[in-house]
Structure formats: C-alpha cells, structure tokens
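These numbers come from the heavy atoms of this one structure, side chains and all, not from hydrogens, waters or symmetry mates. Quick note on labels: first sequence line is chain A, next is B, and so on, each numbered from 1. Keep in mind it's a predicted model, so treat the numbers as computed, not measured.
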Protein chains: 2
Amino acid sequence: MQALKYSRQREAIKEFLLSRTDHPTADTVYTNIRQEFPNISLGTVYRNLSLLADIGEILKISTSEGGDRFDGNTMPHYHFICTKCNSVIDLDLKNMEHINELASVNFNGKIEGHIAHFYGQCEKCISKH
Amino acid sequence: MQALKYSRQREAIKEFLLSRTDHPTADTVYTNIRQEFPNISLGTVYRNLSLLADIGEILKISTSEGGDRFDGNTMPHYHFICTKCNSVIDLDLKNMEHINELASVNFNGKIEGHIAHFYGQCEKCISKH
DNA sequence: ATATGTGCAAACCTTTTGCAGTCAG
DNA sequence: CTGACTGCAAAAGGTTTGCACATAT
C-alpha cells in the first residue's frame with residue numbers, strides 16, 4: 001500500500017484541471033504548470049496524472065486521435081469528441097447504467113462498466129464552413 | 001483521389017482478419033501474415049490496415065491498453081474488453097442509435113455517431129480465480 | 001508509362017522508467 | 001530517519017514516413 005505524501009506539484013496539477021473544462025492533454029498540463037513550476041518534468045506530470053486518476057480524483061479520457069485527455073470533473077458524464085478539431089466537450093446526458101444489463105445478455109463474463117464517446121462536428125467547426 | 005490498385009498483401013490482411021474473431025493487433029496481423037509473406041514489413045501492414053479501415057472494409061478499435069485492434073466484421077456491433085487479459089469480445093447487443101439523440105439534447109454541435117466499449121472480466125479470467 | 005504499393009530503416013509521439021537526490025511525515 | 005516524490009534523461013511501445021525499387025493497370 002502506498003502512503004501518499006503531499007506534493008505541491010500534484011496539488012497544482014489538480015487545481016489546474018479543476019480550472020479547465022476543455023480536457024487538456026498531459027502536455028498541455030505540463031506547459032501550463034511550468035509557469036508555476038519552471039523545473040517540473042514531464043515525467044512528474046505523467047506520474048501525478050496517473051496517480052490522481054487511480055485514486056479517482058480526476059478522469060482519464062482515452063481518445064483515438066492524439067494523446068489521452070484529463071478531466072477534473074469526476075462526476076459521471078459522457079464526452080463528445082469533434083472529428084475535425086479533436087476538442088472534447090462535456091455532454092448533458094444522464095448516466096446510462098442500464099446499457100450494461102443490455103450488453104450482458106448472451107454474454108458469459110461480468111460487465112462492470114462502459115465508456116461511450118460521441119463523435120461529430122462541434123459548433124465552432126460547423127460555423128467555420 | 002486515390003486509384004487503389006490490387007495488392008496481394010492487402011488481400012491477405014483482409015482475409016486474415018475475416019478468419020479471426022479475436023480482434024488482433026497490428027503486430028499480430030504482421031506476425032501471422034509473415035507466414036505467407038516472409039518479407040512483408042510492419043509499415044505495409046499498418047498502411048493497409050489504415051487504408052482498409054478508411055474505406056470501411058475493416059474496423060479499427062481503439063483501446064486504452066496496448067495498441068489498436070482490428071476487426072474484419074464490419075457489421076455495427078459493440079465490444080467487451082476484459083480488464084484482466086485485454087481480450088476483445090463481440091457483444092450481442094443491438095445497435096443503440098437512439099442514444100445519439102439523447103446526447104444531442106442541450107448540445108450545440110452535430111452528433112454523427114458513437115462508440116461504446118464495455119469493461120469487466122471475461123469468462124476465462126473469472127474461472128482463473 | 002505512371003501512379004500506387006512495398007520493404008527497409010529512421011523518425012515520431014506519447015508514455016514509462018531507472019536513478020540519484022529532495023522532501024514530507 | 002524513511003518512504004514517497006522529483007527532475008533528468010534514456011528507453012519503451014506503437015505508429016508513421018521518406019526513399020528507392022517493384023508492381024498493377
């Protein structure tokens with residue numbers, strides 16, 4: 001078991017994510033945190049993002065394009081990902097726990113959860129036409 | 001526009017995927033195709049997998065653990081991913097197009113589709129306890 | 001003939017890790 | 001004091017790409 005000591009870097013990363021709703025990448029976190037901690041290393045950013053995601057204080061969002069995104073909002077919710085600009089936007093969609101049961105029909109394993117991402121074009125990209 | 005010429009390598013890759021239901025990685029495809037084409041390169045495998053996915057003849061499944069998986073079954077369907085062994089299994093779950101409309105409520109972009117992956121433990125990993 | 005496909009190898013991008021030193025409890 | 005955390009740099013893992021040659025049409 002790991003004892004978890006305080007670290008200013010970790011707090012700053014968490015604070016930063018709470019201040020944003022645009023689901024930054026690890027590199028974006030790194031670039032921004034460096035304004036406060038010029039010597040922080042990318043490795044430390046990754047280690048803390050992993051740790052925070054493991055203990056449930058942030059969410060890690062795996063995307064097909066580019067790197068993973070991180071979310072300071074840990075309330076269960078779904079994401080929209082723009083296929084043009086790759087921006088990740090929160091959706092106002094209630095949790096769909098029931099689809100786990102639908103998926104369990106005729107399946108001989110144990111389904112414990114799901115992720116769902118919605119794709120299309122975001123408002124900005126539509127208007128850029 | 002690209003003219004698309006026949007290639008034995010590409011056909012072999014497509015055939016291989018059609019013969020499997022376990023959603024192999026690019027590297028698994030490479031290893032197996034090499035039995036028929038000992039000199040094929042990994043680059044060629046990636047190029048053809050991308051091309052086939054682009055023209056809709058195979059599906060590319062992005063996972064959070066390890067590399068992408070590929071599926072010769074292009075019928076719309078959902079996948080279960082085991083959190084222990086990372087195996088990817090087809091689910092017998094009818095298409096849930098309607099959740100796109102649910103997600104569109106209060107959203108100012110255009111939702112064109114979704115992906116959903118279910119997580120948990122597969123039958124084999126449960127019995128390995 | 002010529003555009004597309006291939007093999008090879010190098011490059012790329014994101015993420016992880018080993019190490020020696022630093023810091024919190 | 002001790003284990004957790006850090007910066008650094010190297011390495012890992014998966015994927016893409018530039019090039020010269022081969023092949024399909």
How many whole angstroms separate atom [atom1] of [X] from atom [atom2] of [N]?
X: A:L4; N: D:dT6; atom1: CG; atom2: C1'; value: 15 Å
X: A:L52; N: D:dC5; atom1: CG; atom2: P; value: 10 Å
X: A:D68; N: D:dG14; atom1: CG; atom2: C1'; value: 13 Å
X: A:R34; N: D:dG7; atom1: CZ; atom2: P; value: 11 Å
X: A:R10; N: D:dC5; atom1: CZ; atom2: P; value: 5 Å
X: A:Y30; N: D:dC8; atom1: OH; atom2: C1'; value: 10 Å
X: A:K60; N: C:dT14; atom1: NZ; atom2: C1'; value: 11 Å
X: A:I55; N: D:dA4; atom1: CD1; atom2: P; value: 14 Å

**OP:** Supply the atom-to-atom distance A:S104 OG to B:L93 CG, rounded to the nearest 0.5 angstrom.
**Re:** 9.5 Å
Original post:
How far does CG of B:L18 sit from CZ of B:R20, to the nearest 0.5 angstrom?
Top reply: 12.5 Å
**OP:** Pick base, sugar-phosphate or nothing for A:G67, based on heavy-atom distances below 4.0 Å to the nucleic acid.
**Re:** sugar-phosphate
Original post:
For the base of D:dA4, is there a side-chain donor-acceptor partner from A:K5 under 3.5 Å away?
Top reply: no
Subject >> Base C:dG18 to side chain A:R47, donor-acceptor N/O within 3.5 Å cut-off >> reply: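 Looking at the base of C:dG18, it does pair with a donor or acceptor on the side chain of A:R47 (distance under 3.5 Å).
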Original post:
Ring centroid separation for B:Y78 and B:H114, is it under 6.0 angstrom?
Top reply: yes
Subject >> Centroid separation B:F107 to A:F80 less than 6.0 Å >> reply: yes
Original post:
How would you list, by chain and number, every residue that makes a salt bridge (charged side-chain N to carboxylate O under 4.0 Å, His left out) with A:K84, sequence neighbours excluded?
Top reply: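 Expected list: none.
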Original post:
With hydrophobic residues grouped by side-chain heavy-atom distances under 4.5 Å, do B:L52 and B:I61 end up in a single group?
Top reply: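 Shared cluster, no.
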Original post:
Should A:L17 and A:I33 be counted in the same cluster of Ile, Leu, Val, Met, Phe, Trp and Tyr side chains packed under 4.5 Å apart?
Top reply: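 Yes, A:L17 connects to A:I33 through the hydrophobic network.
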Original post:
Which atom names give the shortest non-hydrogen contact between B:L59 and B:N73, and what distance separates them?
Top reply: CD1-O, 3.4 Å
Original post:
At what angle, to 10 degrees, do the two end axes of the helix from C:dA1-D:dT25 to C:dG25-D:dC1 meet, given five pairs define each axis?
Top reply: 30°
Which nucleotide, [options], lies nearest any side-chain atom of [X]?
X: A:L42; options: C:dT6, C:dG5, C:dT15; answer: C:dT15
X: B:A3; options: C:dT4, C:dG5, D:dA24; answer: C:dT4
X: B:Q9; options: D:dT15, C:dT15, C:dG7; answer: C:dG7
X: B:Y6; options: D:dA24, C:dG7, D:dG7; answer: D:dA24

Ignoring backbone atoms, test whether [X] places a side-chain nitrogen or oxygen under 4.0 Å from the OP1 or OP2 oxygen of [N].
X: A:S41; N: D:dC8; result: no
X: A:S7; N: D:dT6; result: yes
X: A:Y46; N: C:dT16; result: no

Original post:
Hey, which of these two, B:D27 or B:R8, hits DNA chain D nearer its 5' end, going by closest nucleotide?
Top reply: B:D27
